[in-house]
Amino acid sequence: MRILLVEDDRETAAYLVKALKEAGHVPDHAADGEEGAFLAETNRYDVMVVDRMLPKKDGLTLVAEARGKGNDTPVLILSALGQVDDRVTGLRAGGDDYLAKPYAFSELLARVEVLARRRKPGEAETLLRVGDLELDRLSHTVRRAQTPIPLQPREFRLLEYLMKHAGQVVTRTMLLENVWDYHFDPQTNVIDVHISRLRSKVDKGFSETLVHTVRGAGYMIRDSHR
């Protein structure tokens, strides 16, 4: 998921950005409300995580203004103010969920994933299958013929994207934008290296090859029996 994090505390923001990346997501960080409002207006996000107390523009104003402009991206509000009235105020401003500080990252991540599934019921499928290959998006596990396949976070995201588009050609540009969050070509072989690693883990030792290179076009994962 692409996530906008609006948090002015540098240590907290650095921790959350790192943790979200390790969980396989793509976070953008804004350190104040004005920057957050700009990013929310100029980019598409799956979820926004917004601290309530922010410099330049407070979180509730940011959310209310975004809603007024027709932005329906799910919002999780973070706040040290955890009383019932505070939560009600946050929800009435346009927030979809409210998490009081201090919180555990595992809970924040779970709430973010729930918000994303609510918004995209068509993408709520948590188990992806191609042939005898299975990827569980919630537990971040991969199996082929019931054999666990350990993947690094970037490898997992690459496989997930390929499996979401099973049977379709996925171009280098699509992978750069959706797996690496690059909006330019870095002119490196980073994709080839990761595809090669993925093949060695997913296809090696199996009679059927699932990950294919489509010469001059990109890559595809497909089940030849279907």
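The basis for the numbers below is simple: all heavy atoms, side chains too, and nothing from hydrogens, waters or symmetry mates. Not measured: the values here are computed from a predicted model. Numbering of residues begins at 1 and proceeds along the displayed sequence.
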Would you mind reporting whether [Y] and [X] have side-chain heavy atoms less than 4.5 Å apart?
X      : Y      : answer
Ile191 : Trp180 : yes
Leu108 : Leu99  : yes
Leu128 : Arg137 : yes
Val75  : Leu115 : no
Leu133 : Met163 : yes

How long is the gap from [atom1] on [X] to [atom2] on [Y], to the nearest 0.5 Å?
X      : Y      : atom1 : atom2 : value
His212 : Arg199 : NE2   : CZ    : 8.5 Å
Ile195 : Thr213 : CD1   : OG1   : 7.0 Å
Glu35  : Asp28  : CD    : CG    : 9.5 Å
Arg2   : Met48  : CZ    : CE    : 12.5 Å
Thr147 : Glu134 : OG1   : CD    : 11.0 Å
Thr73  : Leu4   : OG1   : CG    : 9.0 Å

message: Please evaluate residues Arg111 and Asp97 with respect to the criterion salt bridge (Lys or Arg N to Asp or Glu O under 4.0 Å), reporting the C-alpha separation (whole Å), side-chain torsions for both, the decisive distance (0.1 Å), and the verdict.
response: CA-CA 8 Å; Arg111 288 175 181 246; Asp97 199 357; 2.8 Å; yes
field: Partner residues of Thr12 under the side-chain contact (heavy atoms from CB on, under 4.5 Å) criterion, sequence neighbours left out
entry: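 Thr12 satisfies side-chain contact (heavy atoms from CB on, under 4.5 Å) with Glu7, Asp9, Leu16, Tyr103 once adjacent residues are dropped.
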- prompt: Using the ring of each side chain (for Trp, its six-membered ring), is His25 parallel, tilted or perpendicular to His140, with breaks at 30° and 60°?
  reply: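 His25 vs His140 ring planes: perpendicular.
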message: Using side-chain contact (heavy atoms from CB on, under 4.5 Å), reason through Glu113 and Leu109 one step at a time and then give a plain yes or no.
response: CA-CA 6 Å; Glu113 291 174 342; Leu109 182 61; 3.9 Å; yes
What is the minimum heavy-atom distance between [X] and [Y], and which atoms define it?
X      : Y      : value
Ala31  : Pro55  : O-CG, 3.9 Å
Tyr161 : Met174 : OH-CE, 3.4 Å
Val202 : Ile149 : CA-CD1, 4.2 Å
Lys21  : Pro153 : O-CB, 4.5 Å

query: Should the heavy atoms of other residues, nucleotides or ligands under 6.0 Å from OH of Tyr15 be counted, would the total exceed 12?
result: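 No, not enclosed.
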- request: Look at atom NZ of Lys201 and say whether more than 12 heavy atoms of other residues, nucleotides or ligands are closer to it than 6.0 Å.
  value: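 Yes - once you tally the heavy atoms of other residues, nucleotides and ligands closer than 6.0 Å, there are more than 12.
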[X] bridged to [Y] by N-O distance under 4.0 Å:
X      : Y      : answer
Arg143 : Asp136 : no
Arg144 : Asp132 : yes
Glu41  : Lys69  : yes
Arg67  : Asp96  : yes
Glu160 : Lys164 : no
Asp51  : Lys101 : yes

Compile the donor-acceptor pairs under 3.5 Å between side chains in residues 56-64 and protein atoms, sequence neighbours left out, one pair per line.
unit_1	atom_1	unit_2	atom_2	d
Lys57	NZ	Glu65	OE1	2.7
Asp58	OD1	Leu60	N	3.0
Asp58	OD1	Thr61	N	3.0
Asp58	OD1	Thr61	OG1	3.4
Asp58	OD2	Thr61	OG1	2.7

Decide whether [X] and [Y] meet the rule of one side-chain donor and one side-chain acceptor closer than 3.5 Å.
X      : Y      : answer
Arg52  : Thr89  : no
Asn71  : Tyr45  : no
Ser139 : Thr141 : yes

query: Residues in salt bridge (Lys or Arg N to Asp or Glu O under 4.0 Å) with Glu177, at least two apart?
result: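 Salt bridge (Lys or Arg N to Asp or Glu O under 4.0 Å) check on Glu177 returns nothing, list empty.
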task: Look at the side chain of Glu22 and the backbone N and O of Ala19, then say whether any donor-acceptor pair between them is shorter than 3.5 Å.
output: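 Not at all, since once roles are kept as given, no pair shorter than 3.5 Å links the two residues.
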message: Pair Asp32, Leu54 - check side-chain contact (heavy atoms from CB on, under 4.5 Å), show working.
response: CA-CA 6 Å; Asp32 61 67; Leu54 294 167; 5.6 Å; no
Should [X] and [Y] be counted in the same cluster of Ile, Leu, Val, Met, Phe, Trp and Tyr side chains packed under 4.5 Å apart?
X      : Y      : answer
Leu159 : Met220 : no
Val49  : Met53  : no
Phe105 : Val47  : yes
Leu151 : Val26  : no
Leu135 : Phe206 : no

field: Verdict with supporting geometry, Val50 and Leu5, side-chain contact (heavy atoms from CB on, under 4.5 Å)
entry: CA-CA 6 Å; Val50 181; Leu5 172 66; over 6 Å; no
message: Applying side-chain contact (heavy atoms from CB on, under 4.5 Å) to Val112 and Ile3, what does each step give before you reach the verdict?
response: CA-CA 9 Å; Val112 164; Ile3 299 168; 3.8 Å; yes
